[in-house]
There are 2 protein chains.
Amino acid sequence: MRAEVIAVGSELLLGQITNTNAKFISGRLADVGIDVYYHTVVGDNPERLAQTIQLAQQRADILIFSGGLGPTKDDLTKQTIAKELGRELVSDPEAMETIQQYFKHVGKVMTENNKQQALVLEGATVLPNRHGMAPGIAIGKEDKQYILLPGPPSELEPMFENEAIPYLLSVYGRQDIIVSKVLKLQGIGESELEVRIQSILENQTNPTIAPLASPGMVKLRITAKAKSEEEAEKLILPVEQQIRAIVGDFIYGVDDDTLSSKATELLLQNDWSISAAESLTSGMFMAELGSESGIGNALKGGVVVYNAQAKVEQLNISPSLLDFHGIVSAECAEALAENVQRKFDTTFGVGLTGAAGPEPHDGQPPGTVWIGIAAEGLETVSYKLQLSGTRNSNRKRSVQFALHYLIQKMKEKKEVKY
Amino acid sequence: MRAEVIAVGSELLLGQITNTNAKFISGRLADVGIDVYYHTVVGDNPERLAQTIQLAQQRADILIFSGGLGPTKDDLTKQTIAKELGRELVSDPEAMETIQQYFKHVGKVMTENNKQQALVLEGATVLPNRHGMAPGIAIGKEDKQYILLPGPPSELEPMFENEAIPYLLSVYGRQDIIVSKVLKLQGIGESELEVRIQSILENQTNPTIAPLASPGMVKLRITAKAKSEEEAEKLILPVEQQIRAIVGDFIYGVDDDTLSSKATELLLQNDWSISAAESLTSGMFMAELGSESGIGNALKGGVVVYNAQAKVEQLNISPSLLDFHGIVSAECAEALAENVQRKFDTTFGVGLTGAAGPEPHDGQPPGTVWIGIAAEGLETVSYKLQLSGTRNSNRKRSVQFALHYLIQKMKEKKEVKY
């Protein structure tokens, strides 16, 4: 099966946005064994879009379109494809219902042009949009399949994953499927990891193992090809066990796990509570934990103490400590952690202080960060980071390291394995 | 002049990397007034690459290729284009020198296949690579221009900017240039906006106006084509004024402005200070402000009070208020704003409370949010949001709305225009 991924939108041709949809769609098609031969980007122009469709019909079996399903005048994808396929556009009652519900919910008046979003090709399979208004469309004609998806990645990605892929698999019958499991590591570098598992990496064919580096994190993707999910998982398991035997201590989770989901899981499992005192991250650490649903039972709260005055007045950090050791110091980070833990009466207290950049702060070069972790019944610890990124990447990485050290402290508090 | 941007590389079709080169090249071409009609991505396959070249020759004047200039077996771009144009490949002495220097520099032995990187099309203009080994190539035949660029963005971007653009301008003589101005709006939807400025949107040719929606925000791009930047701006101004006359209240900034950069600018200009009390956003509002460098002079800090107990203990919110009006209420949001403003002694205090989702909270459906704004010498106000996104998009949008209402309050406090 050969697929072509066609993105529609002049903003792509003007270089205003990147075509991340083509990457996402292609990656998932590869996972289910469908080959992509071409990506095409065309503007909001009906003639050129029609030519693009005719060309793709000659060189592909599956045409996947993204963008141009919205309510505005330059959203022409549906109309143009309907014309090419000689199909009528009809209003889909469910889609219309979704759109009306949306406007009712947000308490706005629905304008006429929004009705256009409920139009679908006659006889098509409607792909519901759970994160927006415009539904997706799937339709087969002769030996070709056409999939129409909305442009915004937040709508396209879940729709493609949950609606379009199952549709395609049902049309073609399940191909040899590919199952991937991603091991997520923190506290070890990519090259060190590769050296340590060299023996496993060598002559792996099925499953394959690929180290993936992303800012501040290292991942290992194990990918197996088999007739069924069960078979694929049978191939993955022994390799995963070999890897865990060597670098298990650095593996904090798999697949969609994040440091904050892992920390939240541990907090809730053990009925622990947490608070934080943040300086350079100004709330980012608590915001990250707050993204986990259910965290309300563990995260009591915390304080953002951005300047020295706030640290003294809000958390009783002694001015002499700040004078003597400095704001960016182990002593300050530990005092922040202990005082916020006491103030909010929580199991754990986390303190973050540092120079985010671009300017030095309190005599410390940008990227110098101290993280303090206080835990009921355990000694307070602190860690120094020397980061080299921008102001915001330094703040983001500080949050990830704080979660990493917090999880280590949790393991100490209760023989918790990552 | 019509250009087509052609990326060569199977890793793009496998969804392993994103085609950021097409975005960069297209943006720079727009800047110099060259229209891009298509992006194409094709794999490392000589037949399909040849077909792609033949097709692009029919629909474009300028063919810009990225990738496939390296030393490995699947780097075929040069060879395939040479064949299509009937040109020989010859070794370029300067390029060869660069490659030999490189290997001397890193103290490695140069392998045979690296000599391939010095091959260029006979009679072509060589575009030196100052950040890698493979040179770029520019060559004209009949009425077409062909530009070959290396794949890595770190090599492609400076080469395109400093070598390819000047080459194209010298070939065609400076084209009309294109100037865009983006108006950023908050508090109005894309479709409502389009309806309200319909009369302006209609029959606009130069400048053109394009509404762009991004999560929680609406933008209007005004694009003018002219001989000079000054002329283009002269074309943009009157249209911008017409738009501001209708929806000016919703326009908070232009181009790279963000709500937080705008709020920070106003805080610093007026020597104002700010603090926040956050519940559902758990620090996200302060984290967003904290991303602005220099904010340290205005953001004293704040508290995250995630559960009722913390609201009572840390901010003296009266338990009876919470019982009577609820945690997700105007009264709670206003009390959070006023109490944190008093506690941190700041000009402004912002309070955020709500049900982020996915579960209802304190009897309120997910997406119900109250934002309170307290300001020295002004009456405290609060606003209700009814959002329909995921837990995290609801939290992010709450922060954007809080910044929006904060800026409105700032305008009230001192006749500040957005």
Side-chain angles (χ1 to χ4, degrees), chain A residues 11-20 22-28 30 36-43 48 71-72 102 105-108 111 113-114 131 154 278 281-287 289-291 293 296 299-307 309-310 314 344 358-359 391-392 395, chain B residues 12-20 22-28 30 36-43 48 189-192 194-195 211-212 215 278 281-287 289-291 293 296 299-307 309-310 314 344 358-359 386 388 390-393 395:
Chain A
E11 65 275 24
L12 288 156
L13 297 179
L14 285 163
Q16 285 158 348
I17 58 172
T18 307
N19 187 10
T20 55
K23 175 186 187 293
F24 177 82
I25 292 167
S26 303
R28 291 297 293 117
V36 175
Y37 276 18
Y38 296 95
H39 293 171
T40 301
V41 177
V42 60
R48 286 195 284 277
T72 72
Y102 173 83
H105 182 69
V106 299
K108 288 209 185 122
T111 52
N113 52 1
N114 277 293
H131 300 85
S154 60
E278 305 190 49
T281 46
S282 70
M284 219 179 235
F285 176 83
M286 289 182 277
L289 274 182
S291 67
S293 110
L299 176 62
K300 282 197 185 175
V303 291
V304 172
V305 283
Y306 212 63
N307 57 24
Q309 182 199 1
Q314 304 297 326
F344 283 78
E359 303 306 319
R391 175 180 177 81
N392 280 319
R395 297 168 76 231
Chain B
L12 288 155
L13 297 179
L14 285 165
Q16 287 162 349
I17 60 172
T18 307
N19 187 7
T20 56
K23 175 187 189 291
F24 177 83
I25 292 168
S26 302
R28 291 297 293 117
V36 175
Y37 276 17
Y38 297 95
H39 294 170
T40 302
V41 176
V42 59
R48 286 194 286 276
E190 184 186 13
S191 44
E192 187 191 343
E194 226 187 58
V195 171
L212 315 165
E278 306 190 48
T281 47
S282 70
M284 217 178 236
F285 176 83
M286 291 182 275
L289 274 182
S291 67
S293 111
L299 175 63
K300 284 197 185 175
V303 291
V304 171
V305 282
Y306 212 65
N307 57 23
Q309 181 199 2
Q314 303 297 327
F344 282 78
E359 302 307 320
Q386 193 60 63
S388 58
T390 60
R391 174 180 178 82
N392 279 319
S393 72
R395 297 166 79 229

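Lettering follows sequence order; numbering is per chain, from 1.
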Exercise. Which one of Gly27(B), Ser191(B), Gly290(B) has the most heavy-atom pairs closer than 4.5 Å to chain A?
Worked result: Gly290(B)

Exercise. Counting heavy-atom pairs under 4.5 Å to chain B, which of Arg395(A), His39(A), Arg28(A) comes out on top?
Worked result: His39(A)

Exercise. Given side chains that start at C-beta, do those of Asn114(A) and Pro71(A) come closer than 4.5 Å, heavy atoms only?
Worked result: yes

Problem set entry | Option that, when pairs with chain A are counted at under 4.5 Å, heavy atom only, ranks first among Ser291(B), Ala22(B), Pro358(B), Gly189(B) | Ser291(B)

Exercise. Is chain A contacted by the side chain of Thr281(B), its backbone, both, or neither, given a heavy-atom distance below 4.5 Å?
Worked result: backbone

For this session: Determine whether Glu359(A) and Ser293(B) make a side-chain contact, defined as any pair of heavy atoms from C-beta on separated by less than 4.5 Å.
Result: no

Seminar exercise, completed: Bottom line for Arg391(A): the part with an atom under 4.5 Å from chain B's heavy atoms is side chain

Problem set entry | Max heavy-atom pair count under 4.5 Å with chain B, selected residue of Leu299(A), Thr20(A), Ile25(A), Asn19(A) | Leu299(A)

For this session: Measure across Phe344(A) and Ala310(B) and return the closest heavy-atom pair with its distance rounded to 0.1 Å.
Result: CE2-CB, 4.4 Å

For this session: Check whether Tyr102(A) gets within reach of chain B through its side chain, its backbone, both or neither, counting any heavy atom under 4.5 Å.
Result: side chain

Exercise. So what's closer than 4.5 Å to chain A heavy atoms on Ser393(B): side chain, backbone, both or neither?
Worked result: neither

Problem set entry | Which atoms of Leu289(A) approach chain B - backbone, side chain, both or neither, heavy atom under 4.5 Å | neither

Exercise. To the nearest 0.5 Å, how far apart are CE in Met284(B) and CE in Met286(A)?
Worked result: 12.5 Å

Exercise. What part of Glu278(A) lies closer than 4.5 angstrom to a heavy atom of chain B: side chain, backbone, both or neither?
Worked result: neither

Problem set entry | Option that, when pairs with chain B are counted at under 4.5 Å, heavy atom only, ranks first among Gly283(A), Gly301(A), Gly43(A), Ser282(A) | Ser282(A)

For this session: Would you mind telling me which of Val303(A), Leu14(A), Thr40(A) has the largest number of heavy-atom pairs within less than 4.5 Å of chain B?
Result: Leu14(A)

Exercise. Do we see a donor-acceptor contact under 3.5 Å between the side chains of Asn113(A) and Thr111(A)?
Worked result: yes

For this session: Pick one of side chain, backbone, both or neither for Val42(A), based on which atoms fall under 4.5 Å of a heavy atom in chain B.
Result: both

Problem set entry | Per-residue contact mode, Ala30(A) against chain B (heavy atom under 4.5 angstrom) | side chain

Exercise. Thr18(B) and Lys23(A): which non-hydrogen atoms are nearest, and at how many Å?
Worked result: OG1-CD, 2.8 Å

